[in-house]
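What follows is a single structure, written as structure tokens, with notes after it.
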Amino acid sequence: MNRTGTTTAQLRRALRREVPSTVGLLADEQDFAAMRQYETFAFDDHATYLRQIEALLRTLAGQGGHTTVTLFDPEEYAAWCAGTGTDPDHPTSRSRFTAHLATTGARVTYTGQPLTTLLPELVDTAVRQATWEYATTVLATAGDCADCGQDIGKAAYTRAGRLLVRLLEAAGPGTHHLVCSVQAADDQLLAVLHTHGTTPTDDATGPEFTAVLAAGIALAAPGGVVLRTTTPGAPDRLHGWRLAHSTLVPLTEAEVFAAYCTDARTGEPLPPEPGVDYRAGHPLAPDPDDDWTTHH
């Protein structure tokens, strides 16, 4: 006991509250099955594993420390072990890899939420991070325009930002939910933006949305944007645009209806959503500073 009357155990508990924890989580059955190849991996059943993970998280939270959860990807783990000369079939190796993920991987803070809430949030965070990394890599490696020497990635990002502003200005007041999808090589890039009024949000979703749209512009890839506007006392309004010739071309009302009322997996028609107006995309006002088509 020290001179303040605090015992060594109390001091250790106090110190433990200042040490952050990171838990690597195998989110689905496929990833869990991949880890069962290692003899030192103690679990045989994914449901039991998840229950134990949740109990561990509650214990860590009860100790008063800061706990984050990250996705543990077996393929990434195997590659990391190979690259660092680490034995993958050892608990210490899994611990070191989890520490690596704490600084590089997608992660969420555990605040006592059940796994049924935490898992979708974690997967969504991971998808958003992967999308952001892919889109920004596309922009960073697009090179310079052969005609004017301008950095194509930077120019595409600037153009995408202006298109987003014009989209919101055309939409007017209300709460806006936008989705941008771009077909890039074998990947479908998807970004979501939720904002109010005619100004893009200040959080990370604004740059993410802009980067995905910009990647589509830089690659001249097919894609599109859909916008849903909600205002009090009125039906939601749905609008759509296709990405073509590095700009957003309004869809007709029939095309918007068909896009929303068709099952993307089967192609079968779906009933229209009650209380929703399907409308053509707004024509976007010309941008006097836009010289993309001239130089690119």
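Note that this is a predicted model, so its numbers are computed, not measured.
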For this session: Please check if the side chain of Q150 supplies one atom and the backbone of A155 the other of a donor-acceptor pair under 3.5 Å.
Result: no

Exercise. What about V249 and L238, same hydrophobic cluster or not, with Ile/Leu/Val/Met/Phe/Trp/Tyr joined at side-chain heavy-atom distances under 4.5 Å?
Worked result: no

Problem set entry | Short side-chain to backbone donor-acceptor contact, Y278 and A259, under 3.5 Å | no

Exercise. Between I53 and G24, which heavy-atom pair has the shortest distance, and what is it?
Worked result: CD1-O, 4.4 Å

Exercise. L164 and V138: same hydrophobic cluster, using ILVMFWY side-chain contacts below 4.5 Å?
Worked result: yes

For this session: Begin with the C-alpha distance, continue with both residues' side-chain angles, and end with the deciding distance and a verdict on side chain to side chain contact (heavy atoms under 4.5 Å, CB included) for H66 and Y110.
Result: CA-CA 8 Å; H66 178 78; Y110 178 70; over 6 Å; no

Exercise. Transitively linked via ILVMFWY side-chain contacts under 4.5 Å: Y134 with V192?
Worked result: no

Problem set entry | Residue pair T98 / V23: nearest heavy atoms and the distance that separates them | CG2-C, 4.1 Å

Exercise. Would you say the side chains of T109 and T111 form a donor-acceptor pair under 3.5 Å?
Worked result: no

Exercise. Between T103, T68, V69, L101, which is the residue that forms a side chain to side chain contact (heavy atoms under 4.5 Å, CB included) with T22?
Worked result: T68

Problem set entry | H176 and T229: CA distance, side-chain angles, deciding distance, side chain to side chain donor-acceptor pair (under 3.5 Å) verdict | CA-CA 5 Å; H176 307 299; T229 297; 2.9 Å; yes

For this session: Please report the C-alpha distance between V225 and V179 in whole Å, then the side-chain angles of each, then the deciding distance to 0.1 Å, and finally whether the side chain to side chain contact (heavy atoms under 4.5 Å, CB included) criterion is met.
Result: CA-CA 6 Å; V225 172; V179 178; over 6 Å; no

For this session: Tell me whether the centres of the aromatic rings in H239 and H282 are closer together than 6.0 Å.
Result: yes

For this session: Determine the minimum heavy-atom distance between S21 and L60, stating which atoms define it.
Result: OG-CD2, 3.9 Å

For this session: Could you tell me the separation between the OG atom of S181 and the CG atom of L243, rounded to the nearest 0.5 Å?
Result: 9.0 Å

Exercise. Would you say the side chain of W241 lies within less than 4.5 Å of the side chain of T247, judging by non-hydrogen atoms?
Worked result: no

Exercise. Between E133 and R128, does a salt bridge (charged side-chain N to carboxylate O under 4.0 Å, His left out) hold up when you go through it step by step?
Worked result: CA-CA 9 Å; E133 291 174 352; R128 284 179 53 193; over 6 Å; no

For this session: May I have the step-by-step check of side chain to side chain contact (heavy atoms under 4.5 Å, CB included) for R279 and V256, ending in yes or no?
Result: CA-CA 7 Å; R279 301 186 181 183; V256 172; over 6 Å; no

Problem set entry | Check against side chain to side chain contact (heavy atoms under 4.5 Å, CB included), L213 and V182 | CA-CA 7 Å; L213 180 56; V182 169; 5.6 Å; no

For this session: Would you indicate whether the side-chain heavy atoms of L163 and I217 approach each other to under 4.5 Å?
Result: yes

Exercise. Nearest 0.5 Å, what's the CG-CE distance between D73 and M35?
Worked result: 10.0 Å

For this session: Specify the closest pair of heavy atoms between F257 and P272, including all atoms of both residues, with the distance to one decimal.
Result: CE1-CB, 3.8 Å

Exercise. Would you say T210's side chain and G206's backbone share a donor-acceptor pair under 3.5 angstrom?
Worked result: yes

For this session: Determine, step by step, whether T230 and D236 satisfy the side chain to side chain donor-acceptor pair (under 3.5 Å) criterion, reporting the C-alpha distance in whole Å, the side-chain angles of both residues, the deciding distance to 0.1 Å, and the verdict.
Result: CA-CA 5 Å; T230 302; D236 284 5; 3.1 Å; yes

Exercise. How many angstroms lie between atom CZ of R94 and atom OG1 of T86, to the nearest 0.5 angstrom?
Worked result: 12.5 Å

Exercise. Can you tell me how far the OG1 atom of T131 sits from the CD atom of Q188, to the nearest 0.5 Å?
Worked result: 10.0 Å

For this session: Please answer: with hydrophobic residues joined when any side-chain heavy atoms are less than 4.5 Å apart, are L190 and V212 in the same cluster?
Result: no

Problem set entry | Donor-acceptor under 3.5 Å (R107 side chain, A102 main chain) | yes

Exercise. Do the side-chain N and O atoms of T40 and D89 include a donor-acceptor pair separated by under 3.5 angstrom?
Worked result: yes

Exercise. For the side chain of D87 and the backbone of H90, is there at least one donor-acceptor N/O pair under 3.5 Å apart?
Worked result: no

For this session: Just say parallel, tilted or perpendicular for the rings of W80 and Y77, cut-offs at 30° and 60°.
Result: parallel

Exercise. Out of curiosity, L50 CG to L119 CG, how far, rounded to the nearest 0.5 Å?
Worked result: 6.5 Å

Exercise. Where does the angle between the aromatic ring planes of Y49 and F32 fall among parallel (under 30°), tilted (30 to 60°) and perpendicular (over 60°)?
Worked result: tilted

For this session: Determine whether the side chains of T48 and R51 contain a donor N or O and an acceptor N or O closer than 3.5 Å.
Result: yes

For this session: Please collect all salt bridge (Lys or Arg N to Asp or Glu O under 4.0 Å) contacts where either partner lies in residues 237-261, sequence neighbours excluded, each pair once.
Result: R242-E255

Exercise. Can you tell if the side chain of L167 reaches within under 4.5 Å of the side chain of L178, non-hydrogen atoms only?
Worked result: yes

Problem set entry | Where I152 and A218 come nearest, the two heavy atoms and their spacing | CG2-CB, 4.2 Å

Problem set entry | Linked, directly or transitively: V127 and F209 (ILVMFWY side chains, under 4.5 Å) | no

Seminar exercise, completed: Value for CD (E208) from CG (L189), rounded to nearest 0.5 Å, stands at 12.0 Å

Exercise. Looking at E169 and R162, does any basic side-chain N land under 4.0 Å from a carboxylate oxygen?
Worked result: no

Problem set entry | Closest approach of G153 to A142 (non-hydrogen atoms, all atoms of both residues) | N-CB, 3.9 Å

